[in-house]
2 protein chains.
Amino acid sequence: MSATSTVTTPSFAQALAESGLRSTPQREVIYSILLSERNHPTADEVFARVKTELPSISLATVYNCLETLVQCKLVKAVNFERESTRYCPNLQPHAHFHDDQSGATHDISLPQEVLSQIKSILPPGYDAASVEITFRGKSPCANPADQRN
Amino acid sequence: MSATSTVTTPSFAQALAESGLRSTPQREVIYSILLSERNHPTADEVFARVKTELPSISLATVYNCLETLVQCKLVKAVNFERESTRYCPNLQPHAHFHDDQSGATHDISLPQEVLSQIKSILPPGYDAASVEITFRGKSPCANPADQRN
DNA sequence: GTGAGAATTAGAATTATTCTAGATAGCTAA
DNA sequence: TTAGCTATCTAGAATAATTCTAATTCTCAC
């Protein structure tokens, strides 16, 4: 019942090669698991699944491979950065901008009409209690030193 | 240099009271720190700061108080849920919907025009490399059992 | 003042993730 | 082929954020 017939598409190897990396059995199997199991698995869930095909694989390798696939833009990491939770007293609807350089997080005010347009992408039946919008990139704040967050 | 003159506004006590909770020195000081330090501090940073006013406070209390303030809707938690990172091979622009009941995460496709409208809220100088949009609430998927993520 | 429940405390426990050091494997040039 | 270099993999220890536990302290209603 091996649903994950290892996909060794040229494009897979190619995407890795473009970053100077090799296609390995571990990477192939993990990628094929992500393709077949479209339910946003965690590293641990991938680990459990991949062990049935490569029993000697280690959890560290799973983390390494997932990180590699993200770097090669073959998969995306959801719930992105695993840093400390941060708190803000700004209760107005707003988005956040995370400056990659300084690590600072800025509030970006969110006009009502944009918010409702965002909510309009939800198919019928979806009832959203909250939306979280986070940008990441470069912000105009010149001095990283005086802006920790 | 005690910038945090404890704010005991009636509304603060009131917001707590509405949830059947008390206004305590620890909660007041922590809230006032969040108000004065508008840079999205972490629990640890709040802990460091609050210790100068309440030297005997414990880290657990800081976590408890922050959680309490979030429950009373006095502050918001950014970088919300501290769960495992999840991975998906869907490279199209899409948002995520997190079903609170089942814990499942669904992809929501994101039309180009909505995406560009979202990006348009950024003030000049902000250069976003990526945007992450996450809804949370109730999704129409009836059976929580067969949809883990 | 007393007693019940709420809140706080210190420290242990948990969980996701990263680090480290050693073992393997695969390619390159002789 | 084979020696050597590097990439990759592995197991287990280490780290960091957070939660849990049990004991103590505080508050308020009576």
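A note on names: the letters A, B, ... follow the listed sequences, proteins ahead of strands, and every chain is numbered from 1. Only this structure's heavy atoms are used, side chains among them; waters, hydrogens and symmetry mates stay out.
- Checking the phosphate oxygens (OP1, OP2) of C:dT9, a side-chain nitrogen or oxygen of B:Gln26 falls inside 4.0 Å.
- Rounded to whole Å, atom P of C:dT24 lies 17 Å from atom CG of A:Leu54.
- The CD-C1' distance, from B:Glu67 to D:dA17, rounds to 14 Å in whole Å.
- In the set C:dA10, C:dG26, D:dC9, the nucleotide with an atom closest to the side chain of A:Arg22 is C:dG26.
- Within the 4.5 Å cutoff, the side chain of A:Leu34 has heavy atoms near those of the A:Pro41 side chain.
- Remark: A:Ser56 is in phosphate contact with D:dT10, judged by side-chain N or O atoms under 4.0 Å from OP1 or OP2.
- In this structure, the side chains of A:Glu28 and A:Ser23 come closer than 4.5 Å at one or more pairs of heavy atoms.
- Here A:Ile57 lies in heavy-atom contact (under 4.0 Å) with sugar-phosphate atoms only.
- Looking at heavy atoms from C-beta onward, A:Phe47 lies in side-chain contact with A:Ile57 at the 4.5 angstrom threshold.
- Checking the phosphate oxygens (OP1, OP2) of D:dT8, a side-chain nitrogen or oxygen of A:Arg27 falls inside 4.0 Å.
- Residue A:Leu59 contributes atom CG, which lies 9 Å from atom P of C:dT17 at whole-angstrom precision.
- In the set D:dG12, D:dC9, C:dG11, C:dG11 carries the atom at the smallest distance from any side-chain atom of B:Ala60.
- Between D:dT18, D:dT10, C:dT8, one nucleotide has an atom nearer to the side chain of B:Thr61 than all others, and that is C:dT8.
- Position along DNA chain C of the nearest nucleotide to B:Ser58 versus A:Tyr63 favours B:Ser58 as the more 5'-ward residue.
- Under the ring pair (Phe, Tyr, Trp, His ring centres under 6.0 Å) rule, B:His40 has a single partner from A:His94, A:His96, A:His106, A:His98, which is A:His96.
- For the pair B:Glu132 and A:Arg136, the salt-bridge criterion is not met [side-chain N within less than 4.0 Å of a carboxylate O].
- Computed from coordinates, the A:Asn64 CG to C:dT20 P distance equals 13 Å when rounded to whole Å.
- Atom CG of A:Leu69 is separated from atom P of D:dT8 by 12 Å (rounded to the nearest Å).
- To the nearest angstrom, P of C:dT9 lies 9 Å from CZ of B:Phe47.
- Atom pair B:Glu28:CD and D:dC26:P shows a separation of 16 Å (rounding to whole Å applied).
- Within 4.0 Å (heavy atoms only), A:Asp44 reaches no atom of the nucleic acid at all.
- Among the atoms of the strands shown, only primed sugar atoms or phosphate atoms (P, OP1, OP2) are found under 4.0 Å from some heavy atom of A:Thr24.
- Atom CD of B:Gln71 and atom C1' of C:dA7 are 14 Å apart (whole Å).
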